Amino acid sequence: MKWILGSAVAAGLILAGLFVAGIILSRRFEPFLREQTIAYLETRFRANVSLKSIHINVPLKSPLDLVFHKGKMIKVRVNGEDLDVRLKSMPTAPSILKMRKFLFEADLDAVLSGKALVNRVNLEGFEINIPPKVDRPKLANSLQAPEPEAGAEKPQKVEVLIEEVLASGSTLTILPKDATKAPLVFRIHTLRLESAGTGVAMKYQAQLTNAKPPGLIDCTGTFGPWVADSPSDTPLTGKYKFDNADLGVFKGIAGLLFSTGDFKGTLDEITVDGETRVPEFRLTMSGNRLPLTTKYHALVDGTNGNTRLEPVEGMLGSTAFTVRGGVVRNAGAKGKTVDLKTVMPKGRLQDVLMLAMKGDKPFMKGGIHLDFRVVLPPGQGEIADRLRLNGSFQLIDALFSSPQVQEGLDSLSRRAQGQPQNEELGEIPSQMSGDFVMAEGKIEFPKLGFEIPGAEVDLAGNYVFHSQELDFHGTARMQARLSQMMKSRWKRLALKPVDPFFAKDGYGMVAKIKITGTREKPSFGLDRGKK
């Protein structure tokens with residue numbers, strides 16, 4: 001009995017010893033794995049790598065297998081902390097990669113044999129910082145590997161294939177060429193990378209948190225292969241979807257934005273083709289809603305976020321327009337400036353007026369041709385107060401919605417043609433053209449031409465959006481003489497002797513006029529100057 005008990009105790013001690021020996025042996029692999037992790041990253045990114053700690057967790061039964069089978073068929077769990085990868089060519093720049101924690105499993109015998117297959121890597125606190133392009137000859141020289149010291153033993157290289165990378169709460173930062181400017185930062189809510197092999201682009205799925213307008217952007221596409229000599233040249237392709245983005249975060253406008261598109265290029269030079277849709281776009285100063293859709297081709301500089309639009313084809317209500325220009329950060333500015341050239345060849349006047357002015361009914365309708373430049377500098381105030389517009393326009397067959405105003409023009413046209421009592425002439429369409437400058441909630445017209453049958457009017461003045469006040473002064477030229485404009489016979493006879501005093505330059509009558517009052521209640525009259 002005693003010998004049986006003694007044998008059992010001895011066997012237990014032997015097994016315990018083997019178990020402890022296996023654990024000790026597994027710990028001896030940690031320096032090797034640490035060395036291989038650092039060597040892989042240094043070679044992959046041509047960088048200096050630091051790693052605070054790395055640990056190997058072996059399954060309970062594996063220490064014995066580790067002793068008897070020398071690591072074959074054993075899957076180990078590896079976790080590390082505070083990994084930092086810094087490009088050798090840019091030692092003072094931010095680290096290109098940082099990880100607070102990483103975790104993966106690998107077959108130990110594959111690692112020992114020099115070829116490791118990692119099914120999945122989980123990352124926490126993952127940061128990517130893409131440096132700007134630098135002078136390529138200098139970069140190539142700085143990236144040449146230093147000669148090993150005499151007698152130094154080269155570490156064994158392990159070929160690594162990572163099939164899948166999962167990360168949450170990551171950050172992608174693209175650094176600008178000018179160090180004084182703010183970098184372009186993308187908050188990546190979730191990220192999944194899928195490898196197809198060494199030297200081949202990785203497939204990805206990502207969900208980005210967009211700051212303004214707020215919302216989540218879903219992206220799928222390919223990334224890589226990684227260009228170690230110039231990370232900003234790493235290829236990138238994909239598709240995106242952006243829904244329910246609230247434009248109300250921008251002062252002066254409102255509506256929900258929906259957008260889809262494709263993009264391709266490199267990290268610092270991306271071409272985007274997409275479409276946007278805002279079913280109820282509006283300016284807060286007017287409150288009127290109009291559908292707005294666009295189809296665009298854009299060039300994005302990833303180092304600073306500058307965007308060139310070449311072009312944007314849009315539709316506001318039933319009015320088509322084309323936009324070219326950019327959204328760029330100017331020297332010394334804290335934000336980006338919108339600078340766009342817009343052409344509206346055959347628009348509807350009521351669409352433009354509905355968007356810009358208060359009331360559910362525009363005061364004019366007809367055709368419009370617009371050619372203008374819009375500049376919106378960065379700032380915190382209302383868009384209507386910061387917006388700068390200048391350009392030219394032409395109104396075609398325009399009619400006023402106010403019966404009072406339109407009847408006044410109809411009567412003026414009949415009088416100007418010398419037929420003041422001819423009611424068969426009906427509604428008289430107006431033709432108008434001119435130049436304009438809009439700034440600080442007011443639109444000024446340095447040159448404004450107005451035509452109706454029988455009359456030509458040249459005006460200059462301004463319109464204030466908030467108060468809707470009109471202040472225009474100019475000259476009216478009529479085909480008919482003053483006496484011919486009168487309805488009653490005795491007035492015609494009484495004024496006939498003075499007709500020559502008002503006739504000028506081939507016109508029957510020339511007079512100085514003014515238009516004042518408000519949009520709803522305009523006042524037309526002779527302009528007698530300061531008297």
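Position 1 is the first residue of the sequence; numbering continues from there. Every value quoted in this text rests on a predicted model; they were computed, and no experiment measured them.
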Considering residues at least two apart in sequence or located in another chain, which fulfil the side-chain contact (heavy atoms from CB on, under 4.5 Å) criterion with [X]?
| X | result |
| --- | --- |
| Ser95 | Asp84, Arg86, Lys98 |
| Arg348 | Ser318, Thr319, Gln350, Asp351 |
| Lys346 | none |

Taking side-chain hydrogen bond (donor to acceptor under 3.5 Å, both in side chains) as the test, write out the residues that go with [X], two or more places apart.
| X | value |
| --- | --- |
| Gln406 | Asp410 |
| Thr234 | none |
| Lys512 | Thr475 |
| Thr237 | Thr222 |

If we only count heavy atoms from C-beta on, is the [X] to [Y] side-chain gap below 4.5 Å?
| X | Y | value |
| --- | --- | --- |
| Asn422 | Gln417 | no |
| Val227 | Pro235 | yes |
| Glu456 | Tyr507 | yes |
| Pro522 | Phe472 | no |
| Leu208 | Tyr240 | no |
| Tyr204 | Val165 | no |
| Arg415 | Lys487 | yes |

If you round to the nearest 0.5 Å, how far is [atom2] of [Y] from [atom1] of [X]?
| X | Y | atom1 | atom2 | result |
| --- | --- | --- | --- | --- |
| His189 | Ser170 | NE2 | OG | 10.5 Å |
| Leu247 | Arg282 | CG | CZ | 9.5 Å |
| Thr173 | Asn129 | OG1 | CG | 5.0 Å |
| Leu399 | Lys365 | CG | NZ | 6.0 Å |
| Gln394 | Leu349 | CD | CG | 12.0 Å |

Taking it one step at a time, do Thr518 and Glu469 satisfy side chain to side chain donor-acceptor pair (under 3.5 Å)?
CA-CA 4 Å; Thr518 66; Glu469 292 180 349; over 6 Å; no
Going by ring-ring contact (aromatic ring centres under 6.0 Å, His included), name the residues that satisfy it together with Phe393, two or more places apart in sequence or in a different chain.
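Only Phe445 meet the ring-ring contact (aromatic ring centres under 6.0 Å, His included) criterion with Phe393.
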Taking ring-ring contact (aromatic ring centres under 6.0 Å, His included) as the test, write out the residues that go with Tyr463, two or more places apart.
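Per chain and number, Tyr463 pairs via ring-ring contact (aromatic ring centres under 6.0 Å, His included) with Phe465.
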Does a side chain donor of either Arg187 or Thr171 reach within less than 3.5 Å of an acceptor in the other side chain?
yes
Salt bridge or not between Asp458 and Arg477? Use side-chain N to carboxylate O under 4.0 Å.
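A salt bridge is present here (some side-chain N lies under 4.0 Å from a carboxylate O).
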Pair Glu444 + Lys442, salt bridge at N-O below 4.0 Å
yes
Run through Ile217, Leu191, Thr190, Ile188 and flag the one making a side-chain contact (heavy atoms from CB on, under 4.5 Å) with Gln207.
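Option passing the side-chain contact (heavy atoms from CB on, under 4.5 Å) with Gln207: Thr190.
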Scan for ring-ring contact (aromatic ring centres under 6.0 Å, His included) pairs involving residues 252-287, sequence neighbours excluded, and state none if there are none.
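Those involving residues 252-287 do not exist here.
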Identify, with sequence neighbours excluded, every residue that meets salt bridge (charged side-chain N to carboxylate O under 4.0 Å, His left out) alongside Asp371.
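In terms of salt bridge (charged side-chain N to carboxylate O under 4.0 Å, His left out), with neighbours along the sequence ignored, Asp371 is linked to Lys341.
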Partners of Arg373 by salt bridge (charged side-chain N to carboxylate O under 4.0 Å, His left out), sequence neighbours excluded?
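Counting only residues at least two positions away or on another chain, Arg373 forms a salt bridge (charged side-chain N to carboxylate O under 4.0 Å, His left out) with Asp339.
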